[in-house]
Amino acid sequence: MRELGVILLAAGQGTRMKSALPKVLHPIAGQPLFLHALGAAQDLAPARIVIVIGHGAEAVRQAYPKGDVAWAVQEKQLGTGHAVLCAREAFTGFDGDVLILSGDVPLIKESTLRAMIEQHRGQNAAVTLLTAVLDRPKGYGRVLRDGADRVTGIVEEKDASDLQRRIGEVNAGVYVASAKFLFSALSTVKNDNHQGEYYLPDIVAIGLAQGKIVETVQVADGREMMGVNTREELAFMEKCLRESINRKWLLAGVTLKDPDTTYIDETVTIGPDTVIGPNTQLRGKTSIGARCRIDGTAFLTDVEIADDVELKFSVMLTSCRVGAGAIIGPFAQLRPGTELGRNVHIGNFVEAKAAIIGDGTKANHLTYLGDVTIGQDSNIGAGTITCNYDGFHKYKSKIGDRVQVGSDTTLVAPITLGDDVYVATASTVRHDVPAGALVFNQREEKIREGWTERKRQQMKGKNK
Ligand code: UD1
Ligand code: CA
């Protein structure tokens with residue numbers, strides 16, 4: 001089997017994005033643009049991948065810190081042919097095929113790339129290019145063919161005659177070429193064209209002139225090869241990508257009540273028979289188990305959710321873990337570092353931050369749980385606050401198993417409540433409480449009979 005190498009072109013500025021951010025770093029479905037095409041290429045398990053960077057090179061490199069790719073810098077953007085030559089050094093001694101694609105084509109499929117490689121090798125071609133027939137081919141290079149339908153070359157829009165501009169078949173900008181042919185052909189490419197650039201597609205005419213075989217593969221759905229050049233195209237491609245991600249989960253046994261308002265990043269996983277309501281965003285490294293129910297209006301980022309979890313209407317969860325059978329919301333926020341055990345209940349207007357909560361524990365109403373560890377089967381009453389911050393430092397609280405915290409309680413950290421502690425309602429607890437103890441604040445309760453009526457009479461007099 002011949003070796004496969006990949007060159008990903010990502011040196012261009014993306015002027016039409018009108019952005020300080022390099023084009024390939026604009027996020028789409030939760031990832032920088034170029035990581036989508038890179039992912040499709042990586043699925044082919046190539047022997048080496050070289051990413052050509054130039055504009056914002058350092059920032060692009062930072063966006064993919066893994067060591068399994070090589071980087072080549074193109075100082076000046078002299079054209080796609082020149083960009084590929086910049087990667088030449090990384091292919092010294094390499095005698096296989098090179099797949100070349102752009103960093104701005106997020107919908108390109110691994111299966112298409114495989115089909116190209118197969119055809120390229122099967123036909124013993126020097127170069128194989130991907131083409132598409134578009135209703136609006138404007139802007140793309142056109143594929144020129146002779147009377148026998150054989151490719152004769154590629155002409156760029158700006159260099160094309162009026163007649164050539166009427167051709168609907170375009171160069172998708174994805175190529176497979178034998179490494180030897182590629183680099184030798186590129187060293188002869190000239191820049192005597194309208195843009196004064198070294199065009200990669202010129203290798204097609206060079207190969208044909210040398211009597212080599214040039215093959216083409218046509219994509220069925222033109223969207224697959226479309227690039228992102230403007231923010232309008234970014235929005236359109238994001239919509240296409242989102243639809244395809246949603247379709248994937250629908251086919252995998254996940255119910256989406258309203259796919260139009262469901263936003264799932266490519267990096268998310270979801271178990272079967274989970275039901276997802278409208279206006280839900282699942283982002284980053286989020287994973288959702290099987291048979292979960294997400295009512296709707298949910299914003300989840302980097303969250304691990306086990307099976308049979310119920311997220312009621314309107315919840316925001318960030319960098320946390322939720323155990324099986326838990327029920328959260330409505331109107332709850334779980335902030336980073338929070339870990340819920342099995343069957344935990346977090347109710348309305350509860351906020352948790354770095355809260356480790358044991359199995360079966362409940363905090364159902366109006367509560368702030370910050371920097372706290374709580375054992376199993378405890379009940380945190382309405383209006384409980386862990387006072388974790390004194391304006392200078394953050395402190396931790398520890399609450400044992402089967403603890404009953406009465407409503408309207410403030411726990412002043414650092415503090416430990418042992419197992420089976422009972423906190424009377426409206427307590428401010430400042431000291432550790434041993435297991436099994438009751439803690440309460442003594443406050444005198446006074447009752448004045450008939451007070452309300454007297455007060456009303458008095459106020460009436462005043463209003464006159
Ligand atoms: C290119 C093709 C065109 C094809 C189209 C498909 C050329 C000359 N033309 O045109 O036939 O229809 O793609 O989308 O190749 N880049 C660099 N360095 C450079 C120039 C470009 O790295 O010096 C990178 C860009 O960042 C981009 C890719 O190469 O990722 C394509 O460049 P772009 O300028 O967008 O080419 P097109 O004009 O779209
Ligand atoms: Ca382009």
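No experiment lies behind these values; they were computed from the predicted model shown. Just follow the structure's listing: the first ligand is 1, and inside any ligand the first atom is 1.
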Enumerate the atoms of ligand 1 whose separation from the nearest heavy atom of S102 is less than 4.0 angstrom. 28 (C), 30 (O), 31 (C)
Please state whether H82 comes within less than 4.0 angstrom of ligand 1, counting heavy atoms only. no
Could an N or O of ligand 1 be found under 3.5 Å from any N or O of P201, whether backbone or side chain? no
Would you kindly check if the NZ (Lys) or CZ (Arg) of R283 is within the cone defined by 45 degrees around the ring axis of Y263 and under 6.0 Å from the six-membered ring centre? no
Check the angle between the aromatic planes of F331 and F313 and answer parallel, tilted or perpendicular using the 30° and 60° thresholds. perpendicular
Which of the numbered atoms in ligand 1 are below 4.0 angstrom from a heavy atom of Y199? 8 (C)
Considering distance alone, does some N or O of N229 sit under 3.5 Å from an N or O of ligand 1? no
May I ask you to check whether L200 has an N/O atom sitting below 3.5 Å from an N/O atom of ligand 1? no
Is there a heavy atom of G227 sitting under 4.0 angstrom from any atom of ligand 1? no
So for ligand 1, is K76 a polar contact partner (N or O within less than 3.5 Å, distance only)? no
Distance filter under 4.0 Å to A83 heavy atoms, resulting ligand 1 atoms: 17 (C), 18 (N), 22 (O)
May I ask you to identify, for E156, whether its side chain, its backbone, both or neither come under 4.0 Å of ligand 1 on a heavy-atom basis? side chain
Is the F183 ring parallel, tilted or perpendicular to the F91 ring (thresholds 30°, 60°)? tilted
Tell me whether V52 has any N or O atom under 3.5 angstrom from an N or O of ligand 1. no
Can you confirm whether E118 is buried at CD, in the sense that more than 12 heavy atoms of other residues, nucleotides or ligands lie under 6.0 Å from that atom? no
Name the one of R145, R150, Q119 that satisfies side-chain hydrogen bond (donor to acceptor under 3.5 Å, both in side chains) with T216? R145
Residue-level breakdown please: for M225 versus ligand 1, do any non-hydrogen atoms fall below 4.0 Å on the side chain, on the backbone, on both, or on neither? neither
Checking the side chain of D104 only, and the main-chain atoms of G227 only, is there a donor and an acceptor separated by less than 3.5 Å? no
For atom CZ of R121, is the number of surrounding heavy atoms from other residues, nucleotides or ligands below 6.0 Å larger than 12? yes
Atom CG of D135: over 12 foreign heavy atoms under 6.0 Å: no
Near R291 CZ, under 6.0 Å, is it more than 12 heavy atoms from other residues, nucleotides or ligands? yes
Hey, which atoms in ligand 1 end up nearer than 4.0 Å to a heavy atom of G12? 17 (C), 22 (O), 25 (C), 26 (O)
Distance under 4.0 Å to a non-hydrogen atom of T80: what atoms of ligand 1 satisfy this? 7 (C), 8 (C), 15 (O), 20 (C), 21 (C), 29 (O), 31 (C), 32 (O)
Using heavy atoms and a threshold below 4.0 Å, how should the contact between A11 and ligand 1 be classified: side chain, backbone, both, or neither? both
Heavy-atom gap L78 to ligand 1 smaller than 4.0 Å: yes
Considering the heavy atoms of A172, write down every atom of ligand 1 situated less than 4.0 Å from one of them. 6 (C), 14 (O)
When you look at NZ of K239, are more than 12 heavy atoms from neighbouring residues, nucleotides or ligands closer to it than 6.0 Å? no
Tell me whether the count of non-hydrogen atoms from other residues, nucleotides or ligands lying under 6.0 Å of NZ in K353 goes above 12. yes
